[in-house]
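Report on the following structure.
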Amino acid sequence: MTMVPAPGDPLGLIRNAAIGIQDGRIVRVGRRTELAGTRATEVVPLGGAFVTPGLVDCHTHLVFGGTRAAEHAQRRAGASYEEIAAAGGGIASTVRATAAASVTALLAQSRTRLHALMRGGVTTVEIKSGYGLDPASELRLLNVIRTLARSEPVRIEPTLLALHALPPGADREAFVERVIEDLLPTAARLGLATSVDAFCEGIAFTPEETARLFEAAAAAGLPVRLHAEQLSNSNGAALAAHHRALSADHLEHLDEAGARAMAESGTVAVLLPGAFYTLRETRVPPVDLLRRHGVRIAVASDCNPGTSPSLVPQLAMNMACNLFGLSPEEAIVGMTRNAALALGLEQEVGTVEPGKAADLAVWRIAEPAELGYWLGLLPERRIFGGQDSLPQP
């Protein structure tokens, strides 16, 4: 499955195919008979397995301390996301646990979670900061992300989640000002982030505050993305589109104006069914609206301690089909080609074609639809930069 679309074939399926790899990059793709005369130093038969691009998990909060398992029990007893946050739980509780964990502990915990995603076929993953809430703590998290990127066979895109939650007792205006005037320029200068994110919601930050952050990000040369329309319609999608955001994520409360704006700007809609499932939401993202306006749809795990403790990327594809009504083809494209687009990496990953990185996942399945069918399917092989690289449990 090349993910290079053809008429009537969104997956770009080539049967009896062969892939030529040299120096970590794809150099040839086609039927085996077409490549029969190619000189190769090594031939690796896959016995009829299906090959996709390595999965791209384009929205995670992978680096954090502790868990929020107790909140799971609170939600089962009827507490809402907003009520838990107001009582000092939610993001604030993870901020406390993260601050209490040493860098060594954070690396160990995060590496375990990262390995789980890699075993699931992920070769590119976005990781957000956001559990620090002050410049020093946020930079600490971004440095942990950098260490992971330098020590693991996986492509990591670090995102500065600059406006995630207001610290308890903080002066709102002073906090936003410090993020914009101190944290963001420092992260950009040190090369610790490749994009900037915010949580635009009634319990988080306003569209006006978000717009100020996005203007500062543009001045620093960093693209933006946005948590938008998850719990209410704050016109975040239109705001994201106005600032040419790479993506707007969640989108359960997206309206037509927002979808139209996203289509015009090329902003990708990232759907996060793990959070929808965990929070037991009932309002699904308007997938038909996105389709009608031609908005690209991506799917991600949203791995995080509170609302999506998910470590199996293929499960996100299954949930996107069963909960949101995506077709299996849309879900597969959503964790490959469109997810790469949501990270601005469409020239490097997301499809199997000459010139791209040789990042692949090998699946022992009988038909492509199984990638949206199974619960927790794992690939047989994971190839990163042309090398087998499947972490052991």
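Bear in mind that the values here come from a model prediction, so they are computed numbers and not experimental data.
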Spacing of [atom1] belonging to [X] relative to [atom2] belonging to [Y], to within rounding of 0.5 Å:
{"X": "Q387", "Y": "I383", "atom1": "CD", "atom2": "CD1", "value": "9.0 Å"}
{"X": "E353", "Y": "I19", "atom1": "CD", "atom2": "CD1", "value": "12.0 Å"}
{"X": "I145", "Y": "T147", "atom1": "CD1", "atom2": "OG1", "value": "10.0 Å"}
{"X": "L62", "Y": "D302", "atom1": "CG", "atom2": "CG", "value": "11.5 Å"}
{"X": "I91", "Y": "L161", "atom1": "CD1", "atom2": "CG", "value": "7.5 Å"}
{"X": "R68", "Y": "S93", "atom1": "CZ", "atom2": "OG", "value": "4.5 Å"}

In terms of hydrophobic clusters joined by side-chain contacts under 4.5 Å, are [X] and [Y] together?
{"X": "L390", "Y": "L371", "result": "no"}
{"X": "L289", "Y": "M262", "result": "no"}
{"X": "F276", "Y": "L226", "result": "yes"}
{"X": "V56", "Y": "V268", "result": "no"}
{"X": "V333", "Y": "W363", "result": "yes"}

Side-chain touch [X]/[Y], heavy atoms, less than 4.5 angstrom:
{"X": "P368", "Y": "F50", "result": "yes"}
{"X": "V44", "Y": "R381", "result": "yes"}
{"X": "E152", "Y": "P391", "result": "no"}
{"X": "V224", "Y": "L213", "result": "no"}
{"X": "F199", "Y": "Q230", "result": "yes"}
{"X": "L192", "Y": "L160", "result": "no"}
{"X": "C303", "Y": "L311", "result": "yes"}
{"X": "R28", "Y": "P354", "result": "no"}

With a 3.5 Å distance limit and no angle check, can you tell me whether [X] reaches the backbone of [Y] through a side-chain donor-acceptor pair?
{"X": "E201", "Y": "L231", "result": "yes"}
{"X": "N235", "Y": "A238", "result": "no"}
{"X": "E380", "Y": "V362", "result": "no"}
{"X": "T98", "Y": "G65", "result": "yes"}

Heavy-atom closest pair, residues [X] and [Y]:
{"X": "R244", "Y": "T267", "result": "C-OG1, 4.4 Å"}
{"X": "L222", "Y": "A188", "result": "CD1-CB, 3.9 Å"}
{"X": "A342", "Y": "V270", "result": "CB-CG2, 4.0 Å"}
{"X": "R155", "Y": "E348", "result": "NH2-OE2, 3.6 Å"}
{"X": "F384", "Y": "T123", "result": "CE1-O, 3.6 Å"}
{"X": "L142", "Y": "A187", "result": "CD1-CB, 4.0 Å"}

Taking [atom1] in [X] as the centre, count heavy atoms belonging to other residues, nucleotides or ligands within less than 6.0 Å. Is the count above 12?
{"X": "Y277", "atom1": "OH", "value": "no"}
{"X": "E256", "atom1": "CD", "value": "yes"}
{"X": "H115", "atom1": "NE2", "value": "yes"}

Parallel, tilted or perpendicular for H164 and H61, by the 30°/60° rule? parallel
Between F205 and F175, what is the ring plane arrangement, given parallel below 30°, perpendicular above 60°, and tilted in between? parallel
Cation over ring face, R113 and F64, 6.0 Å, 45°: yes
Candidate list P273, S310, S301, S308, test side-chain contact (heavy atoms from CB on, under 4.5 Å), partner M319, passing option: P273
Lys/Arg-Asp/Glu bridge criterion (N-O < 4.0 Å) met for R172, E208: no
Are R225 and S247 close enough that a side-chain donor and a side-chain acceptor fall under 3.5 Å? yes
Do the side-chain N and O atoms of H227 and D249 include a donor-acceptor pair separated by under 3.5 angstrom? no
Worked verdict on S389 versus R382 for side-chain hydrogen bond (donor to acceptor under 3.5 Å, both in side chains): CA-CA 6 Å; S389 182; R382 172 189 181 272; 3.2 Å; yes
For the pair V352 and I14, evaluate side chain to side chain contact (heavy atoms under 4.5 Å, CB included) and give the outcome as yes or no after the intermediate values. CA-CA 11 Å; V352 181; I14 302 175; over 6 Å; no
Give the intermediate values and the outcome of side-chain hydrogen bond (donor to acceptor under 3.5 Å, both in side chains) for residues E126 and T60. CA-CA 6 Å; E126 184 255 18; T60 83; 4.7 Å; no
Would you check, one step at a time, whether the test salt bridge (charged side-chain N to carboxylate O under 4.0 Å, His left out) holds for R283 with E252? CA-CA 6 Å; R283 180 164 176 156; E252 281 85 339; over 6 Å; no
